[in-house]
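Owing to the predicted nature of the structure, the values given are computational and were not obtained by experimental measurement. So you know, we letter chains A, B, ... as the sequences are listed, proteins then strands, and number each from 1.
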There are 2 protein chains.
Amino acid sequence: MNGKTTREQIIEAADRLFYQQGFEHTSFADISQAVNISRGNFYYHFKSKDEILDAVIKLRFLRTQTLLNTWEKHNQHPLERIRSFVNILIMNQNKIISYGCPVGTLCSELNKLNHSAEADANKLFDLFRQWLGQQFILLGHVDTADELALHVLAFSQGVATLANAFSDEIFVQREVNNMGKWLDSLTIETQHNHIFV
Amino acid sequence: MNGKTTREQIIEAADRLFYQQGFEHTSFADISQAVNISRGNFYYHFKSKDEILDAVIKLRFLRTQTLLNTWEKHNQHPLERIRSFVNILIMNQNKIISYGCPVGTLCSELNKLNHSAEADANKLFDLFRQWLGQQFILLGHVDTADELALHVLAFSQGVATLANAFSDEIFVQREVNNMGKWLDSLTIETQHNHIFV
DNA sequence: GTCTATACTGAGATAGAC
DNA sequence: GTCTATCTCAGTATAGAC
């Protein structure tokens, strides 16, 4: 069919279901049904539910790295790269309105479960944080790069949470526009400092 | 001892545990242990877990209304009232770093569970939204009051989510300061419009 | 109002046949 | 690699004694 191994299919189904239903609320029955295998067969591929979670986090990590690399390749200007990040809110609008941010909601859930994989999930946040910080450094904001990165990250989390609660597309669009203006103002202030790579 | 009925004790324990551990992850055993009653006795007070959730949401709703009224009473100026809201992030810093925002994380969880109480939980957000909007109207921002309210609400959600993920007090303080400056700039622009109540 | 005992269910996990 | 059957356990919920 699609050439994907059963293991890969399981991870992708789990990825989707953990996002839509939460980790704890998703049962082996749910996943095996989605992949069309028996529950028993499951344990040939994964020894426990936590192992699937690890695999899902790893998959998300790799996909995020790929995404960030793509943005870097396609945008010469660091400001445009940051805009690519902000624009996920528009690109993934429907999913975010339905289920929130995949990173934020997973970290939040694992935190409440006091789950050992919480630290790994938080690394997804770190990935964005580091990358955004790097772009702000390239924009000349060397001293405040990390602060600015966290600010943009917090913005995206706040918008995702409320978009989910209120199911409000117009709100998302408006906030993304606001953030765009804020990014403009940041650049204008320091236009003479730009060093691109 | 403290004059509280068993029912009240149950609701308060559930309120705390739902916040710390999540709704689904909190069992009757957890709550009954916290209140020091038997699991069986539980069902004299509540017919199901969902009934406890309803009671918890109702409690949070009433407490939020009380809080908003207090802020209105203690601050004549709408701007100071909004600052009171923003300052919850500092006041409840430790809890937020440990468990996130009680409203945001509950709404997010109930959304994933596809739980019927999600709409009621979202009303907690509505309460803040309406109240903040009212303050912005008093500040003279009649046309954009709701947009500004959502902006402040999104800010608080974003900061709470990242504060929880990164356990970062300094980040919280910095973002609250930034928001304070933003609120100042909003007021300066329209100082001549102020009408207080 | 509170307790113990117990029924029922669903979920994670294992064993072993094919 | 995949299946069925089964175990174990936690969690919700009920019945009935006190």
Side-chain angles (χ1 to χ4, degrees), chain A residues 1-59 106 109-110 112-118 120-121, chain B residues 1-57 106 109-110 112-118 120-121:
Chain A
M1 299 294 196
N2 49 20
K4 282 181 182 161
T5 66
T6 303
R7 188 191 155 88
E8 285 169 339
Q9 285 181 289
I10 291 173
I11 296 173
E12 289 188 8
D15 178 39
R16 182 173 54 80
L17 289 168
F18 289 174
Y19 177 38
Q20 294 174 346
Q21 310 184 343
F23 166 68
E24 193 176 29
H25 191 59
T26 300
S27 68
F28 278 36
D30 292 332
I31 302 173
S32 56
Q33 196 180 359
V35 185
N36 250 309
I37 58 167
S38 69
R39 268 176 300 166
N41 185 8
F42 224 101
Y43 288 84
Y44 173 78
H45 301 282
F46 296 94
K47 278 196 278 290
S48 71
K49 198 178 176 184
D50 287 352
E51 271 197 12
I52 305 174
L53 178 60
D54 288 341
V56 166
I57 292 174
K58 198 174 174 183
L59 173 71
L106 180 65
E109 180 180 1
L110 295 181
K112 301 236 189 242
L113 301 186
N114 207 8
H115 195 288
S116 59
E118 190 196 352
D120 283 332
Chain B
M1 295 294 197
N2 49 19
K4 283 181 182 160
T5 65
T6 303
R7 189 190 154 87
E8 284 170 340
Q9 285 182 291
I10 290 172
I11 297 173
E12 289 188 7
D15 177 40
R16 181 173 55 80
L17 289 169
F18 288 174
Y19 177 38
Q20 294 175 346
Q21 309 184 342
F23 167 68
E24 193 176 28
H25 192 58
T26 299
S27 68
F28 279 34
D30 291 333
I31 302 173
S32 56
Q33 196 180 1
V35 186
N36 251 307
I37 57 168
S38 70
R39 267 177 302 169
N41 185 9
F42 224 100
Y43 289 85
Y44 174 78
H45 301 282
F46 296 94
K47 277 196 278 292
S48 72
K49 200 179 175 183
D50 287 352
E51 271 197 12
I52 305 174
L53 178 60
D54 289 340
V56 167
I57 292 174
L106 180 64
E109 181 181 1
L110 296 181
K112 302 235 187 244
L113 301 186
N114 206 8
H115 195 287
S116 58
E118 190 196 353
D120 283 333

So, does Glu8(B) use its side chain to make a donor-acceptor pair with the main chain of Lys4(B) at under 3.5 Å?
no
Closer than 3.5 angstrom, by distance alone: can the side chain of Glu109(A) be matched with the main-chain N or O of Phe23(A) as a donor-acceptor pair?
yes
Please report the distance, rounded to the nearest Å, between CD in Gln33(B) and C1' in dG11(D).
14 Å
Does Tyr44(B) make a side-chain N or O approach to OP1 or OP2 of dT2(C) shorter than 4.0 Å?
no
Check each of Leu59(A), Ile52(A), Ile10(A), Ile57(A) against Asp15(A) using the side-chain contact (heavy atoms from CB on, under 4.5 Å) test, and report the only one that passes.
Leu59(A)
How about Asp30(A) and Phe18(A): do any of their side-chain heavy atoms sit closer than 4.5 Å?
no
Do nucleotides 3-18 of chain C as a string where each nucleotide becomes B, S or -: B if the base has a protein heavy atom under 4.0 Å, S if just the sugar-phosphate does, - if no protein is that close.
BB------SSBB----
By ring-ring contact (aromatic ring centres under 6.0 Å, His included), which residues pair with Phe28(B), not counting sequence neighbours?
Phe42(B), Tyr43(B)
Nearest-Å distance for atom pair CZ/P, residues Phe46(B) and dG11(D):
19 Å
